[in-house]
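Note sheet for the following structure.
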Amino acid sequence: MTDRQLDIIVGARPNFMKIAPIIRAIETQREAGGTLGYRLVHTGQHYDPLMSDAFFEQLGIPQPDVNLGVGSGTHAEQTAAIMTRYENLLLEQRAALCLVVGDVTSTMACAITAQKLGVPVAHVEAGIRSGDWEMPEEINRLVTDAITNYFFTTSEYANAHLRAAGVGDERIFFVGNTMIDTLLANYDRIFPAAFFTDLALGDDQYVAVTLHRPTNVDERARLSELIHTICDNARGMPVIFPVHPRTARNLNDIGNLPSNLHRVEPQPYLQFIHLICHAKAVITDSGGITEEATVLGVPCMTLRDTTERPETVEQGTNILLGTDASAIGPAFDRLIAGKWHTGRVPPLWDGKAGERIVEHLLKLLI
Ligand code: UD1
């Protein structure tokens, strides 16, 4: 490897949208004669074709150079397997820098491994904080940022958290949001899934739901209560639910699902964005979807008590409903009455974050 060759780490579904624009910007720089190169390392945390391969195909991400193939397991098992395998890879062939994105287990595990071998770490989407240590992602963020050298951030909130933790401004790069780069770059390519036509879904005539957080889906009674409350309040509209593998396990055991609930497979990116874009509202416990809904201007109800993305509430279309199902009814009243707040797009969410990251990397890796 040359001294300008970095490792780009991906592991789970939300990572794929975040690295696509960075890879594109690196390739553009190479076409212009630049010497920054990369090795794409997939940890294998997400391995189902619908959770992984479909995103590579649709977003034009090259096949990973290495797949660590860790698969499912407890968090400790996944962390240990990723660290062991990534360590071997780095020992075989060192990288000039390890670039991790987001907050999944793969992000943290590779950051620790690299830093312990003296490979500097860059973290994309650094500095965001929910303050909720019950979320595994918050632990991943805290640990990753504690050992990151270069912080690429999506918001002033993130910058403030990093400064408060003692990170100097010379290591913080406010670049914008690579997930939104992907959204804007692919907006013209979105298209409806087959079920969209089969169910004759119309603009603003259905609700889209995604749930996968352990606190919402791991207990069958809670998942059942959430689904019933959403469907009962949807005013007869179809409720479209692309089901994450984690959620599927319990959903399969709930009898008597509401008749307006339509469960579908996890959706590939272009069909998923189409689904969100045309929905009356989206109900979710994901963080990334609150950002996408904000940029698309779609009302978003988040079934969590906290968010690491406060800009989606303060500037965007997101409202934190909390984890009590009783908040869902009043939120629907407001939606149907046409009283949902309209939002604006947060600063630097302009489709150019990947380019900015690569500009900085070129200066950092001299
Ligand atoms: C992970 C991320 C979360 C992200 C989410 C998006 C962590 C801590 N969490 O959560 O931040 O929002 O991905 O999907 O990293 N499974 C499959 N097929 C797959 C992947 C997973 O069946 O391709 C199953 C696993 O066996 C496991 C469950 O789904 O039973 C959960 O997967 P896991 O990757 O551990 O965490 P997520 O809940 O997906």
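Positions are given from 1 along the sequence. In each ligand, atom 1 is the first atom listed, and ligand 1 is the first ligand listed.
- Applying the side-chain hydrogen bond (donor to acceptor under 3.5 Å, both in side chains) criterion to T84, with sequence neighbours excluded, gives no partner residue.
- Under a 4.0 Å N-O distance rule, the pair D7/R94 does not qualify as a salt bridge.
- Residue V167 is found in a hydrophobic cluster whose other members, listed by chain and number, are F151, L162, I172; membership requires side-chain heavy atoms under 4.5 Å apart, directly or through intermediates.
- Scanning for side-chain contact (heavy atoms from CB on, under 4.5 Å) contacts around R263 gives V243, A248, L251, N252, with sequence neighbours left out.
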Any protein N/O atoms within less than 3.5 Å of an N/O atom in ligand 1? List the atom names and distances, or say none.
residue, atom, partner, partner atom, Å
ligand 1, 9 (N), E137, OE2, 3.2
ligand 1, 11 (O), E137, OE2, 2.6
ligand 1, 12 (O), H212, NE2, 2.9
ligand 1, 13 (O), H46, NE2, 3.3
ligand 1, 14 (O), H244, NE2, 3.0
ligand 1, 15 (O), Q45, NE2, 2.9
ligand 1, 15 (O), T105, N, 2.9
ligand 1, 15 (O), T105, OG1, 3.3
ligand 1, 18 (N), D48, OD1, 3.4
ligand 1, 18 (N), D48, OD2, 3.0
ligand 1, 22 (O), Y47, OH, 3.4
ligand 1, 23 (O), Y47, N, 2.9
ligand 1, 23 (O), D48, N, 2.8
ligand 1, 26 (O), Y47, OH, 3.4
ligand 1, 26 (O), S72, OG, 2.4
ligand 1, 30 (O), R249, NH1, 2.8
ligand 1, 34 (O), Q45, NE2, 3.2
ligand 1, 34 (O), H46, NE2, 3.0
ligand 1, 38 (O), R246, NH1, 3.3
ligand 1, 39 (O), H46, NE2, 2.9
ligand 1, 39 (O), H244, NE2, 2.8

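- Salt bridge R356/D350: present, at least one basic N to carboxylate O contact under 4.0 Å.
- Taking the six-membered ring for Trp and thresholds of 30 and 60 degrees, F56 and H42 have nearly parallel ring planes, at less than 30 degrees apart.
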